[in-house]
2 protein chains.
Amino acid sequence: MARSGKLSSTGDQRENGRQQILDVIRTAGHIARIDIAKATGVSPATVTAITAELLSAGLIEEVAPDTTSEIRRGRPRVALKIRGAAHRIAGLKVAHHTISTVITDFVGKELASHEMPLIKGRMPLPELCAQIRRALEFTCQKGGFVIEDLSGVGLGLAGMVDAERKFVYWSSSLEERNVDLGQALAEVLPCPVFLDNDANLVAKAEHLFGEGRTCDNFIVITIEHGVGMGIVIDGKIYRGKRGCGAEFGHTKVHLEGALCQCGQRGCLEAYVGDYALLREANISSGNERHTSLLSLFKAAENGDAMARSVLDRARRMFAMGLANVVNIFDPSKIILAGARMTFDHLYSDKVIEEMQQWVVHVDAPLPEVIIHDWGDLMWANGAAAYGIEEVTSQTVKEFANAAA
Amino acid sequence: MARSGKLSSTGDQRENGRQQILDVIRTAGHIARIDIAKATGVSPATVTAITAELLSAGLIEEVAPDTTSEIRRGRPRVALKIRGAAHRIAGLKVAHHTISTVITDFVGKELASHEMPLIKGRMPLPELCAQIRRALEFTCQKGGFVIEDLSGVGLGLAGMVDAERKFVYWSSSLEERNVDLGQALAEVLPCPVFLDNDANLVAKAEHLFGEGRTCDNFIVITIEHGVGMGIVIDGKIYRGKRGCGAEFGHTKVHLEGALCQCGQRGCLEAYVGDYALLREANISSGNERHTSLLSLFKAAENGDAMARSVLDRARRMFAMGLANVVNIFDPSKIILAGARMTFDHLYSDKVIEEMQQWVVHVDAPLPEVIIHDWGDLMWANGAAAYGIEEVTSQTVKEFANAAA
DNA sequence: ATGATTTAATTTGAAACTCAAAAAAAACAT
DNA sequence: ATGTTTTTTTTGAGTTTCAAATTAAATCAT
């Protein structure tokens, strides 16, 4: 057994309360004290006490009474909301050819964003740190402030990351392996940095701001070059022991199957990732050579049997992968999150339909599958969401010290 | 966000403490108060207070001072342990041809066990209830007591079970689908019944008494006729939204693959379950007909190429499935639990070795894979473990009412 | 033996929290 | 104006935890 975590020691209990109430306010957008009490089960008296603290700390603020609201008798409720000005947070996504950055306020509202091209996709540690700082400086400048104004930075990387230790086992952006990136960035930036695998960050964003707002157990799947997964269990990102779980893309779907960019065979990614499709389409010579997915799609639409067959297989493989996720997690929701949704063949009702033939059936509704089209800043926004959450919990923890 | 669970309200906090301390005592076997304080982070003062309550409630007892212990200075520590006599718990596993039952004390020590044959593997609800009662009566009689002496019963079923609602979507033992088995058994038995999928119960047993004692994040895999999985995350069984997650056996490992007993194709179970092996071995006529795995193994040992090939494929498929579990969960441990370990080809070092070729590699040690040979009563013991845990938590909750 | 030392367990009193109930505040209804 | 209704705040009591002091029970040193 050995349940983890201690009994809440003194001072600790309040911390929970503050965290919980901040969470409720954030999810609700704005909410009156009485409703916080109802939502959390905490007594109104305690809600008053805790919100008073948060107010005086400047983390939340009262909303101007809503005159358009339906007229009710009694003392009008005054809603509370997160105070945007409390903190500025940056989110960065390091991709192969760009670093995209977004800066938001504490509410999550975008204040500035910037896309900075990268000459080299993979570079040594010091250079990556420098580029990250440069991207931040650019974006801050656009917003009219400086790096020192940031309370925290979230950073998303493709690769194997141990978020807790801020340690990168391997990333496609880094020449070195096993890098203490947290340490390295701490030396270059004036504010705390929080990093994680990029798919986990998207899951975080869905939980704070997206389709997972009202839900504590769901799976997020992203497909671009590779296939990513984020697992949210009981409201927390599940990362595994070493921090490198949720490697859905390298889940094996075929014994001795197609070669994956990771060097192994039979990975799901090797069937549904974009490079896999192009490779497959171009392998049989004689046909036109496809250089982009778009041309492949077009060919399929025009009745090209080979193109169709390639897309068909990808779709079936993906449906099978999704079914396995359902069979293993039985989640409340599955969110297919995409930045540009180029994968029409994968993000489609047909996939969801096909998935159902592979899942174990019981007489209870299947998990809802939601397709969420974020737009270009999805990854950076995910990183910002993580930054916001971490800064929040850090601030809440500092309360105790501040009081002393 | 919407973190689940309320802020610990009054009276609730102590409940946590009691539960946590009981857990620590159970895991440790016997442990002195001072060490409980260290293990939990709770102050010695509070440990004294809580253990005093538990002592007077008869849930724990002091251990006679250990004279053989190494001599130390100072006041000798007096160890505490769970009081076996506090409760009697039964665990039942309904299998196809038998119901096996074990009755344990509150410590988990076996008091009696019984294997009752079943004429029909699948039967209507009332009959199953009657058989369960009969099995319990037999076993109680063997132990020299009656059903009324039991504080709780754990029950393991093959099939799709929602443990929380005590609801059976489908079970190979029941003719009906969607049965409120908890309700039905409550009418037939004088004590609370707790039921779950059998693999989950084995996971529970590993956590309480087995290889998962010191570990809060691990996966248990069982192979018999079918393939089962139990997921322990943060010390709790993960069951999914509808209670039917962890269906590892019906995870698809091959598009349009081998036919499974569930009616679908490509399930892992259809490659590694015992029926799958025999089917595969017997499909190519001309060879001797195998009626048991044993004869298949023998043939392979004697160099029969076909038999070897059948076992080889099963092993590779299983290794692949295991690798997928690692890729998704990155658990601290994987426990391969078996009752009779007839699956030498699967429960072997070779599988573990092969698995490594399919997992995503990082420079951190792989999850430990442990093979745990339980003996015949594994399933029933799992059910008993669940019963013990549920009775414990129920007793702890009743404390509050008792005090009032 | 006897007192010093050491470690474990218990007691005590203060501080932190939460909550129910009462009070206050802020609106509408008549 | 006065009453009603609903939200928020205040108040005071009751839990619970913990640090510090105390007591308990052993060994060690002489």
Side-chain angles (χ1 to χ4, degrees), chain A residues 5-21 30-56 60 62-80 399-404, chain B residues 5-21 30-56 60 62-80 396 399-401 403-404:
Chain A
K6 4 158 105 196
L7 236 192
S8 60
S9 59
T10 314
D12 213 38
Q13 198 170 5
R14 247 305 157 69
E15 189 180 311
N16 288 346
R18 279 188 286 255
Q19 183 70 253
Q20 199 187 351
I21 286 180
H30 53 93
I31 183 172
R33 290 174 180 79
I34 184 78
D35 291 323
I36 296 176
K38 275 177 201 146
T40 57
V42 172
S43 75
T46 304
V47 172
T48 292
I50 292 180
T51 53
E53 276 183 355
L54 296 174
L55 276 166
S56 79
I60 60 175
E62 297 194 335
V63 174
D66 187 354
T67 49
T68 66
S69 78
E70 73 289 29
I71 311 107
R72 350 148 128 249
R73 295 170 60 98
R75 175 172 177 172
R77 35 185 71 185
V78 353
L80 301 169
F399 253 88
N401 312 339
Chain B
K6 0 158 109 199
L7 236 191
S8 60
S9 59
T10 313
D12 212 42
Q13 197 171 6
R14 244 308 155 68
E15 190 180 311
N16 288 347
R18 280 188 285 254
Q19 181 69 255
Q20 198 187 355
I21 285 179
H30 53 93
I31 182 172
R33 290 173 179 81
I34 183 76
D35 291 322
I36 296 176
K38 275 178 201 145
T40 59
V42 173
S43 74
T46 305
V47 172
T48 292
I50 292 180
T51 53
E53 277 184 354
L54 296 174
L55 275 166
S56 79
I60 60 174
E62 297 194 334
V63 175
D66 187 355
T67 50
T68 67
S69 78
E70 73 288 33
I71 311 107
R72 355 148 124 248
R73 298 172 59 107
R75 176 174 176 173
R77 33 185 73 185
V78 353
L80 301 168
V396 165
F399 251 90
N401 311 340

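As rounded to whole Å, 11 Å separates atom C1' of D:dT16 from atom CZ of B:Arg18. Distance CZ (B:Arg73) to P (D:dA24): 20 Å, rounded to an integer number of Å. With rounding to whole Å, A:Glu15 atom CD is found 17 Å from C:dT18 atom C1'. The distance from atom CD of A:Gln13 to atom P of D:dT17 is 9 Å, rounded to the nearest whole Å. One interatomic measurement links the two molecules: CZ of A:Arg77 to C1' of C:dC28, which rounds to 15 Å at whole-angstrom precision. Atom C1' of nucleotide D:dT16 and atom CD1 of B:Ile50 are separated by 9 Å, given to the nearest angstrom. With rounding to whole Å, B:Ile36 atom CD1 is found 14 Å from D:dC18 atom P. Atom CD1 of B:Ile60 is separated from atom P of C:dA9 by 12 Å (rounded to the nearest Å).
Residues B:Glu53 and B:Phe399 come closest through the heavy atom pair O-CZ, 3.9 Å.
We find the CZ-CD1 distance between A:Arg14 and A:Ile50 to be 4.5 Å, quoted to the nearest 0.5 Å. To the nearest 0.5 Å, atoms CG (A:Leu54) and CD1 (A:Ile60) are separated by 4.5 Å. Atom OG1 of A:Thr51 is separated from atom CZ of A:Arg33 by 4.5 Å, given to the nearest 0.5 angstrom.
B:Val47 comes within 4.0 angstrom of nothing in the nucleic acid, heavy atoms only.
Each of A:Ser43 and A:Gly74 has a nearest nucleotide on DNA chain C; the 5'-most of these lies closest to A:Ser43.
Each of D:dT10, D:dA19, D:dT8 was ranked by its minimum atom distance to the side chain of B:Ala45; first place goes to D:dA19. When distances are taken from the side chain of B:Ile34 to each of C:dA9, D:dT7, D:dA26, the shortest belongs to C:dA9. Comparing D:dT9, C:dT18, C:dC19 by their nearest atom to the side chain of A:Val42 picks out C:dC19. Taking every side-chain heavy atom of B:Thr46 into account, D:dT17 is the closest of D:dT17, D:dT9, C:dA26.
Here B:Arg33 reaches the OP1 or OP2 of C:dT10: one of its side-chain N or O atoms lies under 4.0 Å away.
In this structure, A:Leu80 and A:His30 have side chains that are not in contact, with every pair of non-hydrogen atoms separated by 4.5 Å or more.
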